[in-house]
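Working notes, structure below.
Count residues from 1 along the sequence.
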Amino acid sequence: MPTDNRLSRMLHVLIHMDHIGAPVTSETISRMLDTNPVVIRRTMAGLKAAGYLSSEKGHGGGWTLARPLDEVTLRDIHLALGSPRVFAIGLADDDPRCLVERAVNGALKDAMSEAEQRLLTRFGEVTIGALSRDVALFGGARVDANR
């Protein structure tokens, strides 16, 4: 199962946007992430709908932060991206009547649920503003459109 790296990539983009301090186009962001501008617009639309970004069309337009990053947590962005699965581990469903399968699935489901809740709680404690300051502290964010 492929990993979903949208959270990491969007955090990357939001921190760059914070350091750039001006509208950033989908084309510029797509070059940063080595992807297609349509993919960027689709992903950023979810963040806009959640109130974290705004956009302006036309010359001088682009994506801008709608809220200070100190008000936005990792969990907020995770939720705005549609709450992608945290774990790639899945449960077997070969024979739901099998007592062994049921016992294994029950144990795994409980453990993964607890781990996911702990992770999401931690995500809620970390603001993107804090991450952005960490970047500045460790030498500044690269604002090169190619990264």
Side-chain angles (χ1 to χ4, degrees), residues 1-21 23-55 62-147:
M1 169 181 278
T3 58
D4 184 331
N5 60 8
R6 290 177 300 155
L7 177 61
S8 175
R9 296 183 102 193
M10 286 301 103
L11 296 174
H12 181 133
V13 168
L14 295 171
I15 291 169
H16 270 297
M17 290 174 68
D18 186 46
H19 288 258
I20 292 169
V24 183
T25 66
S26 298
E27 289 74 19
T28 298
I29 296 168
S30 71
R31 285 192 303 272
M32 271 188 229
L33 301 180
D34 193 27
T35 192
N36 189 295
V38 173
V39 172
I40 297 302
R41 283 189 282 277
R42 189 178 314 128
T43 304
M44 301 288 266
L47 300 181
K48 181 179 179 180
Y52 303 119
L53 294 176
S54 59
S55 64
W63 298 98
T64 56
L65 299 172
R67 293 175 57 185
L69 292 184
D70 282 326
E71 297 177 6
V72 183
T73 67
L74 303 182
R75 184 180 179 133
D76 294 332
I77 301 305
H78 172 76
L79 294 173
L81 292 171
S83 301
R85 287 182 54 163
V86 174
F87 299 112
I89 299 170
L91 303 177
D93 62 356
D94 300 323
D95 184 0
R97 296 171 299 168
C98 175
L99 296 179
V100 173
E101 183 175 299
R102 288 171 46 192
V104 168
N105 284 350
L108 289 176
K109 184 176 179 181
D110 290 347
M112 289 188 301
S113 178
E114 180 181 338
E116 181 174 19
Q117 287 310 307
R118 284 184 172 189
L119 180 62
L120 293 176
T121 296
R122 179 68 180 124
F123 278 7
E125 296 168 351
V126 179
T127 67
I128 303 171
L131 295 178
S132 185
R133 284 188 294 282
D134 284 350
V135 170
L137 182 66
F138 293 114
R142 283 188 59 173
V143 294
D144 178 357
N146 296 315
R147 279 280 111 215

Would R85 and D4 satisfy side-chain contact (heavy atoms from CB on, under 4.5 Å), going step by step from the backbone distance to the final call?
CA-CA 8 Å; R85 287 182 54 163; D4 184 331; over 6 Å; no
Looking at S132 and I128, would you say the former's side chain and the latter's main chain have a donor-acceptor pair under 3.5 Å?
no
Within a strict 4.5 Å, meaning less than it, do heavy atoms of the S26 and M44 side chains meet?
no
Least distance between heavy atoms, V72 atom then R67 atom
CG2-CB, 4.3 Å
Nearest 0.5 angstrom please: M112 CE to Q117 CD, how far?
13.0 Å
Mind checking the OG-CG spacing from S8 to L74? Nearest 0.5 Å is all I need.
10.5 Å
State whether the side chain of S113 and the backbone N or O of D110 hold a donor-acceptor pair below 3.5 Å, judged by distance alone.
no
Donor-acceptor contacts under 3.5 Å from residues 96-103 side chains, at least two apart:
{"unit_1": "R97", "atom_1": "NE", "unit_2": "D95", "atom_2": "OD1", "d": "3.3"}
{"unit_1": "E101", "atom_1": "OE1", "unit_2": "D94", "atom_2": "N", "d": "3.3"}
{"unit_1": "E101", "atom_1": "OE1", "unit_2": "D95", "atom_2": "N", "d": "3.1"}
{"unit_1": "E101", "atom_1": "OE2", "unit_2": "D94", "atom_2": "N", "d": "3.4"}
{"unit_1": "E101", "atom_1": "OE2", "unit_2": "D95", "atom_2": "N", "d": "3.3"}

Provide the closest heavy-atom pair for G51 versus A66 in the form atom of the first, atom of the second, distance.
O-CB, 3.5 Å
Considering all heavy atoms of both residues, which atom of S83 and which atom of L79 are nearest to each other, and what is their separation?
OG-CD2, 3.2 Å
Go through the steps for R42 and N36 under the test side-chain contact (heavy atoms from CB on, under 4.5 Å), then give the verdict.
CA-CA 10 Å; R42 189 178 314 128; N36 189 295; over 6 Å; no
Would you call L65 and L53 a side-chain contact if the rule is heavy atoms closer than 4.5 Å?
yes
So do the side chains of L14 and Y52 get within less than 4.5 Å of each other, counting heavy atoms only?
no
Does the side chain of H78 come within less than 4.5 Å of V86's, by heavy atoms?
yes
Flag, side chain of R6 to backbone of T43, donor-acceptor distance under 3.5 Å
no
Going through the distances and angles, do L33 and M10 end up as a side-chain contact (heavy atoms from CB on, under 4.5 Å)?
CA-CA 9 Å; L33 301 180; M10 286 301 103; 4.0 Å; yes
For the residue pair R31 and I40, establish whether any side-chain heavy-atom pair is separated by less than 4.5 Å.
no
List the atom of T121, the atom of R75, and the distance in Å for their closest heavy-atom pair.
N-NH1, 4.0 Å
Report yes or no: does D134 contribute a side-chain atom to a donor-acceptor pair with the main-chain N or O of L131 at less than 3.5 Å?
no
Min side-chain heavy-atom separation R41-P37 under 4.5 Å:
yes
Using only atom types and a distance under 3.5 Å, with no angle test, would you say the side chain of N105 pairs donor to acceptor with the backbone of A92?
yes
Verify side-chain contact (heavy atoms from CB on, under 4.5 Å) between W63 and L47, making sure each step is shown before the conclusion.
CA-CA 10 Å; W63 298 98; L47 300 181; over 6 Å; no
Heavy-atom pair of closest approach, residues E71 and D76:
O-OD2, 3.8 Å
Can you give me the closest heavy-atom contact between S55 and K48, atom names plus distance?
OG-NZ, 2.9 Å
